[in-house]
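Quick notes on the structure that follows.
All of these numbers come straight from a predicted model, not from anything done at the bench.
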Amino acid sequence: VIGTSCSGAGVPMAQIMGDAGIAMISPSNTAPVLTDAETRQPSYFRTAHNDLIQGAAMANFVFNELGLTQAAVIHDGDPYTEGLASAFSNSFQEIGGTVVAFEAEAADATNVEPLLTSVAAAGPEIIYYPVFIPLGSLLTKTAKEIDGLEGVTLAAADGVLSPDFLEAAGDAAEGMYMSGPDLSFGNEIYDEFLVTYEETYGTEPLSVFHAHAFDATNMLLNAIENVAQIDGDGNVLIGRQALIDEIASTSGLAGITGTISCNATGDCADPQIAVNQVVDGAFDSVWAFEE
């Protein structure tokens with residue numbers, strides 16, 4: 001399986017695939033729980049970054065680049081949003097910042113004024129809400145209307161890194177920041193990928209994690225090539241456990257997103273994190289994280 005798209009689906013899907021002995025490689029699940037040694041399923045892998053890294057990167061950017069020390073954090077209880085919110089909060093406090101509020105709101109909320117009024121009373125300099133587009137756009141627009149949030153910096157993550165968010169949030173998104181994967185790939189593999197993709201589909205890639213999906217698929221195809229056997233009747237046989245073991249042994253694979261090597265808990269990414277800012281209604285990369 002190449003998937004799932006989001007971590008909320010990835011948690012139950014990884015359990016199902018693990019029970020069935022079927023390999024699963026996600027190009028876009030980033031929740032830390034999926035590759036935690038205590039909770040990871042044995043057939044699960046990913047080429048997306050672990051949000052422990054994204055959370056630390058965003059904390060570094062906010063504290064050291066923006067010079068802000070008082071943060072409020074909002075999530076919606078999803079494994080992705082809560083995991084990234086927690087990773088950011090923990091890292092931010094470790095480097096000297098203060099988390100003045102850590103709140104949850106329903107993903108389908110229609111009124112966030114009470115939440116943001118409470119957050120405003122805590123006195124944040126920045127609000128970080130790594131949620132998805134419906135809640136993210138509502139928070140962004142409503143924050144502009146709350147007394148006490150004038151001049152407070154707004155920030156989100158790759159769950160809203162889409163033109164759909166810019167359309168939904170409108171002018172309220174101008175100037176805010178988004179953490180996510182660094183998409184400034186500069187290699188021959190990517191150049192060839194883009195040409196082939198656009199010739200085939202007539203458009204540029206639409207997903208933030210398109211390159212990670214390409215790398216995940218190549219991981220799988222390489223593993224199949226290495227373990228597949230032909231029986232006497234000419235059938236191709238691929239042992240499930242043999243395939244899982246082969247994927248797990250991936251090391252030094254040259255991909256679009258970097259050099260792909262899997263560790264003992266299925267994290268295979270060469271994590272590259274960037275921060276984008278909305279400038280003139282478009283995403284503009286302003287900072288890249290280096291480990």
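Within the 4.5 Å cutoff, side-chain heavy atoms of Phe132 are placed close to those of Asp78. In this structure, Met58 and Phe289 have side chains that are not in contact, with every pair of non-hydrogen atoms separated by 4.5 Å or more. The closest side-chain heavy-atom distance from Ile127 to Ile74 is below 4.5 Å. Using a 4.5 Å heavy-atom threshold, the side chains of Thr47 and Phe214 count as separate.
Relative orientation of the Phe193 and Tyr190 rings is parallel, given thresholds of 30° and 60° on the angle between their planes. Using the six-membered ring where Trp is involved, Phe61 and Trp287 have ring planes that are tilted, between 30° and 60° apart.
A donor-acceptor contact shorter than 3.5 Å links the side chain of Asn187 to the backbone of Ile256. The closest donor-acceptor contact from the side chain of Thr81 to the backbone of His75 lies at 3.5 Å or more, if one exists at all.
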Show me the donor-acceptor pairs within less than 3.5 Å that the side chains of residues 158-178 make with the rest of the protein, sequence neighbours left out.
from   : atom 1 : to     : atom 2 : distance (Å)
Asp158 : OD1    : Tyr80  : OH     : 2.5
Asp158 : OD2    : Gln54  : NE2    : 3.4
Ser162 : OG     : Asp164 : N      : 3.1
Glu174 : OE1    : Asp280 : N      : 3.3
Glu174 : OE1    : Gly281 : N      : 3.0
Glu174 : OE2    : Asp280 : N      : 2.5
Tyr177 : OH     : Gln277 : NE2    : 3.3

Does the side-chain hydrogen bond (donor to acceptor under 3.5 Å, both in side chains) test come out yes or no for Thr35 and Asp267, once each step is laid out?
-> CA-CA 6 Å; Thr35 54; Asp267 269 320; 2.8 Å; yes
Could you go through the side-chain hydrogen bond (donor to acceptor under 3.5 Å, both in side chains) check for Asn29 and Tyr44 one step at a time?
-> CA-CA 11 Å; Asn29 293 170; Tyr44 180 86; 3.0 Å; yes
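Side-chain contact, Tyr128 with Ser89: no donor N or O sits under 3.5 Å from an acceptor N or O.
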